[in-house]
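Written out below as structure tokens is the structure these notes cover.
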Amino acid sequence: MAKDLKGKELPKGIVQRPDGRYMGRFQYEGEKYCLYDAELEKLLERIEDMRYELRHGIYQKEQKITVGSWFNTWLEEYKKPSVKVGTIKKYRQTFKNYIEPEIGKKKMKDIRPEHIQRLYNKLSNRAASNTLIGTAQVLSGMFRQAEKNGIIKKNPVPLASIPRVKSESERRVLSKEEQKIFLKYCKQFPSGDLFEVALSTGMRSGELRGLQWKDVDFTNRVIHITGTLVNADGKFFIDTPKTRTSKRDIPMLDNVYEILRQQRKKQNEYRLSLGERWQAEPDLEGLVFTIENGHQIAQGTLTDRMNRINREIQKELPDFKRITPHTLRHTFATRCIENGMPPQVLKTILGHSKLGMTMDLYSHVLPDTKAEEMKKIVGLFQ
């Protein structure tokens with residue numbers, strides 16, 4: 001049995017080279033394989049991973065595998081068993097829309113840091129910051145695993161820098177006057193009540209569209225956030241919340257209480273009048289907000305309805321900037337901060353995992369807030 005440079009016995013098939021690196025050799029079905037690593041534990045883990053891939057027919061040699069084929073392997077074998085269906089769908093969309101067109105056909109071994117940097121730079125000029133960050137997360141995950149498995153010698157992703165992205169469009173917040181205008185118009189359109197609830201609770205789109213009557217507590221006037229509506233390959237279902245802290249309770253304001261009370265009454269009337277034409281999907285019969293025949297509301301449908309409201313407002317007020325469903329969440333948070341809600345309380349209502357997420361996201365409110373707070377100590381230092 002071989003020994004390391006300090007005389008300690010090494011596992012079978014492992015030797016330590018004079019430069020300090022460990023080398024591991026093994027055979028599978030008559031073919032020899034050899035891996036190197038500076039750390040023994042990492043080398044043993046990589047050998048075990050490669051054995052698994054060889055046994056399951058998913059290993060491809062470094063010189064052959066493309067970025068696209070490795071992405072599929074990484075997603076199926078390493079991510080699918082451990083992440084939610086909605087996350088898998090998001091990874092697929094991110095790869096198809098942003099990564100595949102740029103480097104999908106290139107060989108993994110040929111990808112250099114400048115290829116990743118060029119991809120980031122292009123995205124920074126045309127995509128939102130969340131899209132850029134999501135793309136970087138996918139690239140980081142798949143290339144890190146490829147290095148671990150010995151498919152590439154060095155991971156190029158950490159050597160590229162994510163550019164700063166102007167996020168003004170993402171952070172669109174309604175002024176108090178714009179908020180009044182929006183509420184006036186949205187009442188005239190389908191999903192108008194849903195939009196008002198969004199503006200009054202800060203709930204995410206998926207949380208609102210996936211809200212079920214069993215989670216609406218009229219007695220205590222509380223909404224329990226227990227899931228989010230997900231569409232995976234055309235199949236809708238209620239998935240677990242985005243993060244552990246996304247599962248939370250939101251107190252109902254008076255307008256929300258009244259909207260939900262009227263929504264339940266209206267929905268029951270629709271059920272009775274439509275009879276068999278009421279077509280709620282199995283396992284989704286208890287949704288609070290649906291389209292007219294009982295079907296769940298897709299994200300695209302909600303965006304289309306918001307766009308209709310935008311167009312109607314702009315007919316009268318051409319300078320009214322476009323808003324999205326997510327604008328309502330930002331606006332809710334802004335009103336809360338403006339009115340003195342403690343950041344820790346706002347964090348729990350929004351379902352953020354870290355306080356920094358709350359404050360960084362809505363830091364645009366702080367200049368005015370700081371000025372008002374400083375007025376409270378006028379005279380103390382004179």
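Throughout, residue positions are numbered sequentially from 1 according to the sequence presented. No hydrogens, no waters, no symmetry mates; every other heavy atom, side chains included, goes into these values.
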For the student: nearest non-hydrogen atoms of Leu287 and Gln296, plus distance: CD1-CB, 3.6 Å
Spacing of CD belonging to Gln267 relative to CG belonging to Leu260, to within rounding of 0.5 Å: 11.0 Å
Single-linkage hydrophobic cluster Val85~Leu284, side-chain heavy atoms < 4.5 angstrom: no
Note, Thr348 side chain near Arg248 side chain (heavy atom, < 4.5 Å): no
Close side-chain approach of Thr87 and Lys79, heavy atoms under 4.5 Å: no
Single-linkage hydrophobic cluster Leu40~Tyr33, side-chain heavy atoms < 4.5 angstrom: yes
Minimum heavy-atom distance Gly150-Leu35, with the two atoms named: CA-CD2, 4.2 Å
Pair Asn149, Tyr78: side-chain N/O donor-acceptor within cut-off below 3.5 Å: yes
Charged N-O contact under 4.0 Å between Glu269 and Lys266: no
Nearest-0.5 Å distance, CG of residue Leu123 to CG of residue Asn97: 10.0 Å
Main-chain N/O of Gln137 paired to Ser140 side chain as donor or acceptor, under 3.5 Å: no
Check: Trp70 side chain, Met142 main-chain N or O, donor-acceptor pair, under 3.5 Å: yes
Cluster link Leu75 to Val83, ILVMFWY, side chain under 4.5 Å: yes
Heavy-atom side-chain contact between Lys8 and Gln16 under 4.5 Å: no
Ile162 to Ala136 - nearest heavy-atom pair and separation: CD1-CB, 3.6 Å
Gap between atom CD1 of Ile151 and atom NZ of Lys109 - 0.5 Å precision: 13.5 Å
Spatial distance of atom CE (Met252) from atom CG (Asn220) [nearest 0.5 Å]: 9.0 Å
Output field: ring centroids Tyr91/Trp74 closer than 6.0 Å: yes
CG (Asp283) with more than 12 external heavy atoms under 6.0 Å: no
salt_bridge(Glu285, Arg271) N-O dist < 4.0 Å: no
Side-chain heavy-atom pair Ile238, Leu229 within 4.5 angstrom cut-off: yes
Check: Gly286 main-chain N/O paired with Gln212 side-chain donor or acceptor under 3.5 Å: no
Cluster link Val222 to Val345, ILVMFWY, side chain under 4.5 Å: no
Pair Ile47-Ile14, side chain to side chain contact (heavy atoms under 4.5 Å, CB included): steps then yes or no: CA-CA 10 Å; Ile47 290 173; Ile14 306 294; 3.7 Å; yes
Atom pairs and distances, side-chain donor-acceptor, residues 180-203, under 3.5 Å, sequence neighbours left out:
{"residue": "Tyr185", "atom": "OH", "partner": "Glu316", "partner atom": "OE1", "Å": "2.2"}
{"residue": "Lys187", "atom": "NZ", "partner": "Glu196", "partner atom": "OE1", "Å": "2.8"}
{"residue": "Gln188", "atom": "NE2", "partner": "Lys184", "partner atom": "O", "Å": "3.4"}
{"residue": "Ser191", "atom": "OG", "partner": "Arg305", "partner atom": "NH1", "Å": "2.7"}
{"residue": "Glu196", "atom": "OE2", "partner": "Asn255", "partner atom": "ND2", "Å": "3.0"}
{"residue": "Ser200", "atom": "OG", "partner": "Glu196", "partner atom": "O", "Å": "2.8"}
{"residue": "Ser200", "atom": "OG", "partner": "Asn255", "partner atom": "ND2", "Å": "3.0"}
{"residue": "Thr201", "atom": "OG1", "partner": "Val197", "partner atom": "O", "Å": "2.7"}
{"residue": "Thr201", "atom": "OG1", "partner": "Met203", "partner atom": "N", "Å": "3.3"}

Ionic contact status for Lys6 with Asp4, cut-off 4.0 Å: no
Val15 reachable from Leu44 in the ILVMFWY side-chain graph, under 4.5 Å edges: no
Flag, side chain of Arg46 to backbone of Tyr36, donor-acceptor distance under 3.5 Å: yes
Value rounded to 0.5 Å, distance of CG in Asn307 from CD1 in Ile323: 9.5 Å
Side-chain donor/acceptor of Gln27 to backbone N/O of Glu31, under 3.5 Å: no
Arg308, CZ: over 12 other non-hydrogen atoms inside 6.0 angstrom: no
Min side-chain heavy-atom separation Leu54-Glu29 under 4.5 Å: no
Short side-chain to backbone donor-acceptor contact, Lys89 and Asn231, under 3.5 Å: yes
Pairwise side-chain contact, Glu178 with Thr331, heavy-atom cut-off 4.5 Å (strictly under): no
Arg172 to Phe320 six-membered ring, cation-pi geometry met (6.0 Å, 45°): yes
Whether Asp215 side chain and Leu211 backbone form a donor-acceptor pair below 3.5 Å: no
Any Ile349 side-chain heavy atom under 4.5 Å of Met341 side chain: yes
Lys321 to Asn310 - nearest heavy-atom pair and separation: O-OD1, 4.3 Å
Residues Lys148, Asp49; criterion side chain to side chain contact (heavy atoms under 4.5 Å, CB included); working and verdict: CA-CA 8 Å; Lys148 184 178 176 182; Asp49 286 342; 3.4 Å; yes
Donor-acceptor contact below 3.5 Å, side chain Arg25 vs main chain Cys34: no
Neighbour count above 12 (heavy atom, 6.0 Å) for Arg112 CZ: no
Verdict with reasoning, Arg329 to Leu350, per side chain to side chain contact (heavy atoms under 4.5 Å, CB included): CA-CA 8 Å; Arg329 180 169 160 87; Leu350 292 173; 3.7 Å; yes
Asp37 vs Glu45 side-chain heavy atoms within contact, under 4.5 Å: no
Ion pair check, Arg144 and Glu147, cut-off under 4.0 Å: no
Residues Glu102, Arg118: salt bridge by 4.0 Å N-O rule: no
Minimum heavy-atom distance between Tyr120 and Ala160, given as atom pair plus value: CE1-CB, 3.9 Å
Listed once per pair and sorted, the ring pair (Phe, Tyr, Trp, His ring centres under 6.0 Å) pairs that draw on residues 270-307, sequence neighbours left out: none
Worked check of side chain to side chain contact (heavy atoms under 4.5 Å, CB included) between Tyr22 and Lys42: CA-CA 10 Å; Tyr22 293 93; Lys42 286 186 178 180; over 6 Å; no
Note: Glu100-Lys96 ion pair, threshold 4.0 Å (strictly below): no
Minimum-distance pair of heavy atoms, taken over all atoms of Thr226 and Lys214: OG1-NZ, 4.2 Å
Between CG on residue Leu139 and CD1 on residue Ile116, distance to nearest 0.5 Å: 5.0 Å
Pairs touching residues 132-161 that satisfy ring pair (Phe, Tyr, Trp, His ring centres under 6.0 Å), sequence neighbours left out: none
